[in-house]
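Scroll down for the structure; my scribbles are underneath it.
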Amino acid sequence: MSYSISTIHNCLLFTIQREERRNAIDFDVMEGLREFALRLHEDTRISAGIITGSGNQAFCSGGDLQVFHALETEAEARSMLQPMSEILVQLAIVPVPTIALVNGHAVGGGCEIATMCDFRVMHETAKAGFIQGSLAITTGWGGATYLFDKLADPQKAFKVLLEAKPYDAKTLHAIGWANDLYTGEKEEALERIVRQYVSSHPSVMRAYKSRRLDQLNIQTLKGQIEREVNDCARLWEQPAHHEAVAKFLSKKSK
Ligand SMILES: CCC(=O)SCCNC(=O)CCNC(=O)[C@H](O)C(C)(C)COP(=O)(O)OP(=O)(O)OC[C@H]1O[C@@H](n2cnc3c(N)ncnc32)[C@H](O)[C@@H]1OP(=O)(O)O
């Protein structure tokens, strides 16, 4: 199985189990995230959702470049980008807080997933960034929309997107993307997250998440994300993107 869903205390934990590909997202993981969202929406015993990656090297390296490289045209790209963006919207509006335990690199779509979560707790040696620009595409799962919502300073969000590079944890903490940094083992960080972020009664957690959702205009959010999907799909079919991915894949096969 390329993912697992388990419970820790009263939280639901989603772990991407593709360490050999740095926890890249394929269609199977997408279905797992859909199931995770559904369970968070339906199970009233759960107080929070946590997403992490297996191992210590990566939280998530984004879309699986080997799998998604088969998608060539704008329409083919949209057939993956749109459902994934919808899954992330479903996750963004679950009735409980969500936390990304960024145990290692979070790049490309991996950074979009972490940004969609309500909070990010990051290992101090991890890096994260919207590197899509270096592959001649934009964010296509809603990441830019979530970033502008999460960072207090839109100028900083804009710069992070344009620079298209991974940043260290200290920098991401300073700009407010990472809410907390940790050292040591992921398992200890998980326990700390539960103590720190999930200490209130489940009904309190849910009530405050409702107030957070009151701040979002869901229809506006969906419209913005739809435009993001369209931009990314349009760029995806251009030769510049396919050449950049082919370069990454050939580098790795040597
Ligand atoms: C949906 C749109 C998007 O998400 S666009 C962004 C796509 N993602 C990327 O371009 C990131 C590509 N990966 C990386 O930059 C690096 O692997 C990062 C995450 C920094 C980790 O570096 P490092 O620890 O040195 O590992 P590595 O590069 O040697 O990779 C180990 C094996 O994993 C693979 N891998 C990695 N990322 C992906 C990916 N996104 N899709 C498919 N495979 C991936 C590498 O190819 C490598 O495989 P192999 O061991 O050489 O067979």
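Both ligands and their constituent atoms are indexed starting at 1 by order of listing.
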- Query: Within less than 4.0 angstrom of ligand 1, does E112 place any heavy atom?
  - Reply: no
- Message: Out of L81, L135, V67, who is nearest to atom 5 (S) of ligand 1 when you count heavy atoms only?
- Response: L135
- Item | Option of least heavy-atom distance to atom 48 (O) of ligand 1 (set: R21, R18, E20) | E20
- Query: If hydrogens are left out, which of F248, F59, W141 has an atom nearest to atom 15 (O) of ligand 1, that is, the closest non-hydrogen atom?
  - Reply: F248
- Verify same cluster id: F59, I193 (apolar side-chain graph, 4.5 Å): no
- With the side chain counted from C-beta on, respond yes when F14 and L40 share a heavy-atom pair under 4.5 Å apart, and no when they do not. no
- Query: atom 39 (C) of ligand 1: which of S61, G109, S134, G104 has the nearest heavy atom?
  - Reply: S61
- Item | R45 and D43 ion-paired at < 4.0 Å | yes
- Which part of V107 is near ligand 1, with near meaning a heavy atom under 4.0 Å away: side chain, backbone, both or neither? side chain
- Task: Would you indicate which of G133, P166, G63 comes nearest to atom 4 (O) of ligand 1 when only heavy atoms are counted?
- Result: G63
- Query: Hey, which of E237, H242, E243 is the one that makes side chain to side chain contact (heavy atoms under 4.5 Å, CB included) with P239?
  - Reply: E243
- Query: Please walk me through it: do D153 and I175 pass side chain to side chain contact (heavy atoms under 4.5 Å, CB included)?
  - Reply: CA-CA 8 Å; D153 182 351; I175 65 169; over 6 Å; no
- Message: So, applying side chain to side chain contact (heavy atoms under 4.5 Å, CB included) with W141, which one of M116, M30, M80, E228 is it?
- Response: M80
- Which of the atoms in ligand 1, numbered in the order shown and given with their element, are less than 4.0 Å from a heavy-atom of G62? 4 (O)
